[in-house]
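A short write-up of the structure that comes next.
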Amino acid sequence: MEQFGPIIPLTKWSNEYDVISRTNQTDTGLGACIWAEDIGTAERIARKLEVGTVWINSAEVPNPHGYCSGWKSSGIGGEWGNQGLLSYSQTQTIQIYK
C-alpha cells in the first residue's frame with residue numbers, strides 16, 4: 001500500500017541490494033525519495049527502483065517538464081512532458097503508393 005498524508009515511512013537497510021529488493025517487491029511504484037551524500041550511489045539505486053519518479057535529496061517536487069507516471073498498481077498511463085502529451089494523441093500513418 002502506498003503512503004499518502006503527512007507521514008514519512010522510514011526503514012533501515014543493510015546494503016543496496018536489500019533496499020532495492022524490498023522496494024521493488026511492493027505492488028505499487030508511484031515515487032521514491034533517496035537521501036544520500038554520495039549522488040552517484042543515490043543515482044545508481046534510483047535507476048534500479050521500479051517507480052515512476054525518484055527524487056534525490058528532496059521530497060516530492062513535481063516537474064511539469066518531466067513525465068509523471070506510476071508503475072505497477074500505481075496507475076496506468078501518465079501526463080506532463082513530451083511523453084505525457086503523446087498519451088493524449090492518436091497516431092495515424094497513411095501510405096500511398098502510385
Side-chain angles (χ1 to χ4, degrees):
M1 175 175 286
E2 289 179 282
Q3 294 77 27
F4 291 96
I7 62 168
I8 300 175
L10 299 174
T11 59
K12 290 183 180 182
W13 48 280
S14 57
N15 56 51
E16 288 181 29
Y17 175 79
D18 183 31
V19 72
I20 293 165
S21 176
R22 282 199 271 161
T23 300
N24 291 343
Q25 287 176 5
T26 66
D27 292 332
T28 56
L30 189 56
C33 298
I34 298 174
W35 299 85
E37 290 183 22
D38 182 348
I39 299 300
T41 298
E43 187 174 355
R44 184 175 59 248
I45 292 170
R47 292 185 183 283
K48 295 177 182 178
L49 297 180
E50 296 172 354
V51 299
T53 303
V54 180
W55 293 271
I56 296 176
N57 292 338
S58 172
E60 177 191 358
V61 178
N63 178 354
H65 302 289
Y67 185 57
C68 178
S69 70
W71 284 28
K72 305 175 190 178
S73 296
S74 291
I76 297 172
E79 57 189 10
W80 296 355
N82 290 337
Q83 183 72 24
L85 181 59
L86 290 174
S87 69
Y88 292 102
S89 302
Q90 181 64 46
T91 302
Q92 180 184 48
T93 302
I94 299 174
Q95 299 181 12
I96 300 173
Y97 299 93
K98 293 184 177 185

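- Nearest heavy-atom pair, Ile20 versus Ile45, reported as atom, atom and distance to 0.1 Å: CG1-CG2, 4.0 Å.
- Linking ILVMFWY side-chain heavy atoms closer than 4.5 Å, directly or via other members, places Trp13 and Leu49 in a single hydrophobic cluster.
- Applying the side chain to side chain contact (heavy atoms under 4.5 Å, CB included) criterion to Ser58, with sequence neighbours excluded, gives Trp55, Val61.
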**Request:** Please report the C-alpha distance between Val54 and Val51 in whole Å, then the side-chain angles of each, then the deciding distance to 0.1 Å, and finally whether the side chain to side chain contact (heavy atoms under 4.5 Å, CB included) criterion is met.
**Result:** CA-CA 7 Å; Val54 180; Val51 299; 3.4 Å; yes
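- Considering only residues two or more places apart in sequence or on other chains, Asn57 meets the side chain to side chain contact (heavy atoms under 4.5 Å, CB included) condition with Trp35, Ile39.
- Atom OG of Ser14 and atom CZ of Arg22 lie 7.0 Å apart (nearest 0.5 Å).
- Taken to the nearest 0.5 Å, the OG1 atom of Thr23 stands 12.5 Å off from the NZ atom of Lys48.
- In terms of modelled atom types and a separation under 3.5 Å, the side chain of Asn24 and the main chain of Glu50 share a donor-acceptor contact.
- Under the rule for a side chain to side chain donor-acceptor pair (under 3.5 Å), the partners of Asp38 that lie at least two apart in sequence or sit in another chain are Thr41.
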